[in-house]
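Single-structure report; data block below.
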Amino acid sequence: MASDKKLIIANWKMNLDMHEASLYLHKLSKMVKVHRDIEVVLAPTSLTLQSLSLQVNLKQFKLAAQNFYWRDSGPYTGEISATQLRGIVQYALVGHSERRHVFNENDKDIRNKVAAAIRNNIRPILCVGETAWEHANNETRDVIHDQLAGGLANITSEELDKIVIAYEPVWAISAGQGSTPVNVLPDDVQMAFQAVRSQIKHLYGEKASDSIQVLYGGSVTGDSVADYLALPGVNGLLVGWASLNANTFNEILEIAHKSASAKKKD
Ligand code: 13P
């Protein structure tokens with residue numbers, strides 16, 4: 001059964017070297033209180049995962065891989081497998097828009113990765129979302145439906161329970177960093193979340209659609225955290241550049257905790 005905690009994930013992408021990552025974790029672990037209503041996940045580069053796994057307090061933070069190859073072992077120069085990540089990470093991003101659009105990952109790669117993660121006891125975070133062109137042409141719903149059907153092909157209902165979905169509109173990712181972050185309208189987020197849940201309902205039934213954890217990502221800042229988390233059905237956030245500074249990310253976690261506990265009292 002999927003957890004009802006808010007999941008807040010820091011995706012550091014190709015930033016922070018080993019030394020910076022270790023200092024960040026040291027600093028953040030001193031600031032962050034363990035709250036029962038949020039689960040905090042750090043997704044550093046593959047290079048730093050193992051050393052952070054020795055440093056991390058798993059009661060405080062979980063770790064996620066940003067990427068891996070779907071075969072368990074073999075002659076695949078330059079790749080690491082989910083089998084090798086087993087025991088080091090608890091989660092793994094799959095199908096992030098940068099993997100789809102910069103590295104040309106297709107639905108077959110993505111569905112193989114979802115299955116490999118599950119086979120190796122790692123929770124996949126399957127990312128979906130439309131490009132600016134698809135958004136302008138009202139194709140968001142179709143894109144989400146296709147990406148979910150493609151990524152989840154061959155996944156059983158029992159396995160679905162281990163999967164998290166993240167909706168990240170491609171046009172909002174890394175957009176307007178700093179002073180003018182892109183604000184994705186609540187109506188757009190709601191529509192996309194409905195598209196996610198309606199496709200899960202179509203594929204796995206109503207219970208699965210109600211219980212699956214769905215996250216929002218794309219230019220999230222401390223200013224927008226509470227607004228996104230207040231939307232019905234938003235179970236957490238995937239934060240990129242605003243998570244690169246430990247102080248800023250800690251502020252995001254505090255706001256997330258306040259809004260999660262306020263929602264519980266409603
Ligand atoms: P930004 O928060 O930098 O827009 O990145 C979002 C993202 O891609 C998280 O996975």
Side-chain angles (χ1 to χ4, degrees), residues 6-16 20-21 24 28 38-46 48-49 61-68 89-103 105 110 113-114 117 122-132 134-135 140 143-144 147 151 163-185 188-189 192-193 196 213-229 231 234-253 255-256:
K6 298 285 183 208
L7 200 51
I8 312 293
I9 303 178
N11 178 7
W12 295 349
K13 308 192 178 183
M14 200 174 67
N15 296 294
L16 307 185
E20 290 164 336
Y24 179 119
L28 191 69
I38 60 172
E39 172 141 303
V40 185
V41 182
L42 304 176
T45 65
S46 304
T48 57
L49 268 175
F61 310 112
K62 304 285 189 263
L63 291 176
Q66 295 177 16
N67 184 39
F68 58 92
V89 300
Q90 294 70 45
Y91 291 89
L93 299 179
V94 177
H96 189 279
S97 81
E98 287 142 19
R99 301 295 323 165
R100 291 179 193 263
H101 299 291
V102 184
F103 300 99
E105 276 186 19
I110 290 165
K113 287 183 179 198
V114 170
I122 294 168
R123 291 190 73 192
I125 300 157
L126 172 60
C127 303
V128 297
E130 81 288 3
T131 62
E134 290 160 343
H135 182 73
T140 302
V143 170
I144 290 174
Q147 290 179 344
I163 296 176
V164 179
I165 307 292
Y167 167 66
E168 297 202 290
V170 179
W171 48 278
I173 294 177
S174 303
Q177 294 191 4
S179 52
T180 50
V182 165
N183 266 331
V184 180
L185 297 173
D188 282 339
V189 179
F193 270 58
V196 170
Q213 279 181 296
V214 189
L215 317 181
Y216 171 75
S219 288
V220 172
T221 64
D223 291 338
S224 55
V225 169
D227 291 344
Y228 287 128
L229 287 181
L231 295 173
V234 175
N235 304 120
L237 300 168
L238 198 42
V239 188
W241 62 270
S243 74
L244 289 177
N245 176 294
N247 292 321
T248 313
F249 189 55
N250 183 48
E251 281 164 26
I252 287 176
L253 296 176
I255 298 167

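Counting starts at 1 for both ligands and their atoms, in listed order.
- Under the 4.5 Å side-chain criterion, counting only non-hydrogen atoms from C-beta, Leu93 is in contact with Leu238.
- Proximity of Ala166 to ligand 1, defined as any heavy-atom pair under 4.0 Å, is not found for any part of the residue.
- Between Arg123 and Lys62, the closest side-chain pair of non-hydrogen atoms is not below 4.5 Å.
- For the pair Tyr216/Val184, a side-chain contact is recorded, criterion being any heavy-atom separation below 4.5 Å from C-beta on.
- Between Ser219 and ligand 1 there is a heavy-atom distance shorter than 4.0 Å.
- If you number the atoms of ligand 1 from 1 as listed, the ones under 4.0 Å from a heavy atom of Lys13 come out as 5 (O), 6 (C), 7 (C), 8 (O).
- Ligand 1 is never approached by Gly217 to a heavy-atom distance shorter than 4.0 Å.
- Within the 4.5 Å cutoff, the side chain of Thr140 has heavy atoms near those of the Tyr167 side chain.
- An N or O contact shorter than 3.5 Å links Gly240 to ligand 1 by distance.
- Under 4.0 angstrom from ligand 1, the non-hydrogen atoms of Asn11 all belong to its side chain.
- Every atom of ligand 1 with a heavy atom of Glu168 under 4.0 Å away is listed here by number and element: 6 (C), 7 (C), 8 (O), 9 (C), 10 (O).
- At least one side-chain heavy atom of Glu105 sits less than 4.5 Å from a side-chain heavy atom of Asn67.
- Of all atoms in ligand 1, numbered sequentially from 1 with element shown, those under 4.0 Å from a heavy atom of Ala172 are 4 (O).
- For the pair Asn15 (side chain) and Trp12 (backbone), a donor-acceptor distance under 3.5 Å is present.
- Taking a 4.0 Å cut-off on heavy atoms, Cys127 fails to register as neighbouring ligand 1.
- If you number the atoms of ligand 1 from 1 as listed, the ones under 4.0 Å from a heavy atom of Leu238 come out as 9 (C), 10 (O).
- Side-chain contact between Lys6 and Val234 is absent, with no heavy-atom pair separated by less than 4.5 Å.
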